[in-house]
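I have placed the structure first, in the form of structure tokens, so that the comments after it can refer back to it.
Just so it is clear: chains get the letters A, B, ... in the order the sequence lines come, proteins before strands, and each one is counted from 1.
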Amino acid sequence: MSDPRARIGNTGTGFSYEEPLVFELSRPGRIGYSLPAYDVPPVDAVQMLPDGSVRDDIEGMPEVSEVDVVRHFTRMSTWNASVDLGLYPLGSCTMKYNPKINERAARLGGFADAHPLQPASEQQGFLELCHRLENELAEICGMDRVTLQPAAGAQGELAGIMMIRAYHEHRGELRSKILVPDSAHGTNPASAALNGYEVVAIPSDEDGILHPEAIEAVMSEDVAGLMITNPSTLGLFEEHVVRICEIVHAKGGLVYGDGANLNALLGIARPGDLGIDVMHINLHKTFSTPHGGGGPGSGPVGVKNVLAPYLPTPVVRELAGAEGAGFVLDYDLPQSIGRLHANFGNAGMFVRAHAYIRSLGPDGLKRCAEMAVLNANYLLARLRTAYHVPFDRAVMHECVLTDRSLQDTGVTTLDVAKRLIDYGYHPPTIYFPLIVHGAIMIEPTESESLDGLDRFADAMLAIAQEAREDADTVRTAPHHTRRSRLDETRAARKPILRWQPAARD
Amino acid sequence: MRYIPHTENEIQRMLDAVGLSQLDELFDAIPQKQRLARPLDLRRAVSEQELWGELKTLAARNASTETHDCFLGAGVYPHFTPAVVDALTSRSEFTTAYTPYQPEISQGTLQTIFEWQTMICGLTGCDVANASMYDGASASAEAALMAMRATRRSKVVVAAGLHPHYRDVLRTYLNGLRAEIVEAPLADDGRTAPLAEQVDGATACVILQQPNFLGAIEDVRAAAEAASACGAKLAVTVTEALSLALLTPPGELGADIVCGEAQSFGVPMSLGGPHLGFMATRQKLLRQLPGRLVGETVDTEGRRGYVLTLATREQHIRREKATSNICTNQGLCLLMATIYLCLHGRRGLRALAELNLAKAEYAKARVRENPALSLPLEAPTFNEFVVGVPDVAAALERARADRLLGGLDLAPYAPDLGPALLVCTTELVSREAIDRLVAALAGDAS
């Protein structure tokens, strides 16, 4: 029986809508805007501006009504998985619940509709919020100072590496290398390289963690610093971190902490107490600001006092004594690495992160770490019989499994991930960290309940069983999505990166 | 805690399942003396109601377009945003998703990015655009890095009309690399002086802002010719993206890279961020482009769909050999801008740009006829221009008393101009507000 929608020229099934590109919805003459009437004399741009400086038409811009736009994006939204829809166990991304009050607060006119260049006297509420958030993050991380400026974790890494460079240069030392474990996020070596450093990869040991000997073997006076992620991307606490920091410090180097996995440590341990000199914090991971389909992130950086002179400018400063009360943006930091952002960072995210910290308080933050770690260990306990565990130790906030136990079935990590979609779950991070063959990296976060975890574990176990009984179903998954597997090779071979009228047959 | 679902009973059952007796043991891998032996020194948690009160109090201590008429621009522009933008952007299917690594369940995000890439190409006159950068400043710095890779040269010529904060960010990004930055000065009319002197065979690129920081509309074609005569690239940075709806697209005038800030397209000013860097280029520079890209493909049934593509340029594959360290884009801001662009469409965007131009021309006419004020630069402008005033501090104070955010003091940025303000007039300011601003700046009794 044919689909009734097809009979009227519609695609999709029932209330599952196919949605064309907005350009294909365009009808000449339709409008989706309304502008205020002119209260000033109109001008003729072509006449007023120099010859050739005024454009003709804007190629490809759609002509659609407001209703068209609302339906277009509403329909497209139904094609997305999201945290609000269900468990989203993307390892290393900390896909926790994003509180609604934070969104509402960030939309307050005094935050959302305020200009960054309005005088300090006209943005005291914002500057005070920045000051509070800096202090909160410094306390949580055990750091002396915090800059909120970096726009994302990777820009925070860049800022941190630049401060390390500035520190050495002010000592007259031109060190050329940065040590990066092979389990690190790709941003780590990329950030070091972007700042002109040679990257030396440090192999992880058989037990998955870094050992002092491996650092000792390569640490020299030509090494500016070490980048370390703790807990590591394997979800393991780097048990030798204190000793490792001592080794780096003894040769005059500094230690950078990748704070992507800070969620596991909230109120439990502080990177600054372990010997880390500088670290970034992903507000969009640990502090619940929404991931937004890929961003915006926000990557504040905490430093020990030795690096404070090099913080990016401007910094928020509380006035004291004869200066009066209040806060200013201070540019007077002569040894600063300079500016990283057009303004003062992703301010809207500061509002959300501060709201989150205030909602949880010290006890609630610690509870997050405990429940995130409990959830990861619980999933590991339930899944270890069916999936290979490459490093068999107690984990922190995430666990890494592999597809090795399914090898004889022909089912791979990718297949497991795609089959999870049929069970209604966003897949974990896969094939990362790169050092684990066929990695399946699961980070449930503290937002998930026991029954929710059990259902997810049941799905993972069911897939392992399907791999043995009906591998083909797994290997061709997903089967219950509006798109089946997409041809990524074709996309890369002859890239089509925009819609063009000519392509419309 | 309402964000954490676990009951005490469930916690106990889960501990049993992992073979532990208390929560503390979860952290046995962390030696006791490395643990924090006290509670975090933070204020105790507050209820949602108390939190809302606290944040409202903080917000109320900031001026905003709700309380003031805003004549500040300089890279961040006060524009009206239709209600549809926030209503759709608030859909948590968009807000609470992440990078579309799994295309089968991320087509909403992917198709939005594809539409964005298409519209940015149309607006800039370029062949390809990426899925956004952090902001206009980092996009400009990445443009310089991209040109350095493409030309294997290390000298960057920066027009003095590039936003001073962008110039700062560029310096920060290039520090540590063996790069030379040379500044190309402005002529008396506010436009960049002819570039022949600075550009040579060692030059990787010229970075030119259009309209420039002082509002002047630059001669992009002349800059493109000067650059290409030496084999250098021209990167054009646009901070007021609405100008792209009116001015000839830089890509058509010879720019190799067009980048900048798209906050004007429905993204809140939000005290400076998050905003929306954009980046577009010619087809032949595609492999040098930083950031994410979405491409069209088909699924196993031959149905059209979209995926992240050409990832071999990126850090998660290439690590230290990647084109950039960028990982996140500005996805949610990109969504805002894409919705905004769809609403305004082919005709609305142009009409809005013309309204902005008309407001500025009206304001300039009022300034011109006021004996206390001057227009020190003669170059044509879009919606932003320089006003000479007798005394900046007094002028801004009078404006403030009349609830006007009266423009940016140029003293730290362009001291040669003497006492002057950079004034921006968008569709948000009425004729009446402009009249009040002119009176306040001039010190006219009202």
Side-chain angles (χ1 to χ4, degrees), chain A residues 32-33 39-40 55 59-61 73 76-77 79-84 105 108-110 112-116 122 125 151-152 154 186 189-191 193 195-196 199 237 290-297 338-339 342-343 346-348 361-362 364 373 377-378 449-450 481 483-484 491 496 498-499, chain B residues 1 5 10 18 29 39-40 42 45 55 58-59 61-66 72 88 91-93 95-99 104-105 107-109 118 122 134-135 137 168 172 176 248 268 270-274 295-297 299-300 305 309 315-316 319-320 322 325 327-328 331-332 343 346 348 362 431:
Chain A
Y33 65 93
D39 59 355
V40 294
R55 75 181 297 160
E59 186 195 340
M61 288 297 276
F73 287 94
M76 288 207 293
S77 78
W79 288 71
N80 268 7
S82 63
V83 172
D84 279 7
L108 281 163
D113 300 322
H115 195 287
E122 305 297 328
S191 297
N195 195 224
V199 176
F237 187 80
H291 283 76
R339 181 186 270 282
N343 300 294
N346 286 345
V373 174
N377 279 283
Y378 180 77
S449 65
L450 173 57
T481 46
R483 287 290 176 276
S484 55
I496 303 172
R498 62 165 165 154
W499 177 82
Chain B
M1 206 301 130
E10 287 169 336
V18 299
L40 286 170
L42 300 172
L55 292 169
L58 285 172
R61 290 167 54 208
N62 303 323
S64 73
T65 54
E66 282 184 353
L72 284 164
L88 292 173
R91 287 190 68 92
S92 60
E93 295 89 338
T95 317
T96 72
Y98 201 18
T99 306
E104 299 87 350
I105 47 172
Q107 287 296 308
T109 296
T118 301
Y134 303 136
D135 64 5
D168 290 346
T172 306
T248 307
S270 191
L271 290 149
E296 182 184 310
T297 187
D299 73 359
T300 55
T309 193
Q315 48 77 25
H316 62 279
R319 300 178 77 83
E320 66 269 23
N325 72 333
C327 180
T328 57
L332 203 61
L343 284 171
R346 187 177 156 196
Y362 173 77
R431 175 185 190 138

- Task: Go through the steps for A/Tyr378 and A/Leu450 under the test side chain to side chain contact (heavy atoms under 4.5 Å, CB included), then give the verdict.
- Result: CA-CA 9 Å; A/Tyr378 180 77; A/Leu450 173 57; 3.4 Å; yes
- If you tally heavy-atom pairs under 4.5 Å against chain A, which of B/Gly331, B/Gly295, B/Ala137 wins? B/Gly331
- Message: Below 4.5 Å, heavy-atom pairs only: which of B/Ala97, B/Ala322, B/Gly122, B/Ala45 has the largest tally toward chain A?
- Response: B/Ala97
- When rounded to the nearest 0.5 Å, the distance separating OG1 of B/Thr300 from CD of B/Glu104 is 9.0 Å
- For each of A/Ala114, A/Ala347, A/Gly297, A/Gly196, tally heavy-atom pairs with chain B at distances under 4.5 Å, and name the one with the top tally. A/Ala114
- Query: Any donor and acceptor pair, going by atom type alone, linking the side chain of B/Thr172 with main-chain N or O of A/Arg339 inside 3.5 Å?
  - Reply: yes
- Task: Go through the atoms of B/Leu88 and report whether side chain, backbone, both or neither lie under 4.5 Å from a heavy atom of chain A.
- Result: side chain
- Any donor-acceptor pair under 3.5 Å linking the side chain of A/Asp113 with the backbone of B/Thr65? no
- Heavy-atom pair count under 4.5 Å with chain B, highest-scoring of A/Pro290, A/Gly32, A/Gly186, A/Gly293: A/Gly293
- Query: Pick from B/Glu66, B/Arg61, B/His316: which one has the most heavy-atom pairs with chain A under 4.5 Å?
  - Reply: B/Arg61
- Item | Closest-packed option against chain B by number of heavy-atom pairs under 4.5 Å, given A/Ser449, A/Gly110, A/Ser191, A/Gly364 | A/Gly110
- Message: Taking B/Gly305's backbone N and O only, do any of them form a donor-acceptor pair with B/Asp299's side chain (distance below 3.5 Å, no angle check)?
- Response: no
- Task: Could you look at B/Ser64 and say if it's the side chain, the backbone, both or neither that has a heavy atom under 4.5 Å from chain A?
- Result: both
- Message: Please rank A/Gly109, A/Ala151, A/Ala193, A/Ala105 by heavy-atom pairs under 4.5 Å with chain B and give me the top one.
- Response: A/Gly109
- Task: Could you check which of B/Thr109, B/Leu271, B/Leu58 has the highest count of heavy-atom pairs closer than 4.5 Å to chain A?
- Result: B/Leu271
- Please determine, among B/Leu40, B/Thr99, B/Val18, B/Asp168, the option with the most heavy-atom pairs under 4.5 Å with chain A. B/Leu40
- Task: State the CD1-CD distance between A/Ile496 and B/Glu296, to the nearest 0.5 angstrom.
- Result: 4.5 Å
- Item | Set of residues satisfying side chain to side chain contact (heavy atoms under 4.5 Å, CB included) with respect to A/Pro116, sequence neighbours excluded | A/Asn343, B/Val76
- Message: If you count heavy-atom pairs within less than 4.5 Å of chain B, which of A/Ser82, A/Gly338, A/Gly361 leads?
- Response: A/Ser82
- Message: The criterion is side chain to side chain contact (heavy atoms under 4.5 Å, CB included); which residues satisfy it with B/Ala29, sequence neighbours excluded?
- Response: A/Phe237, A/Glu239
- Query: Among B/Arg319, B/Arg91, B/Gln107, which residue forms the greatest number of heavy-atom pairs with chain A at distances under 4.5 Å?
  - Reply: B/Arg319
- Mark yes or no for whether B/Ser92, through its side chain, and A/Asp84, through its backbone, hold a donor-acceptor pair below 3.5 Å. no
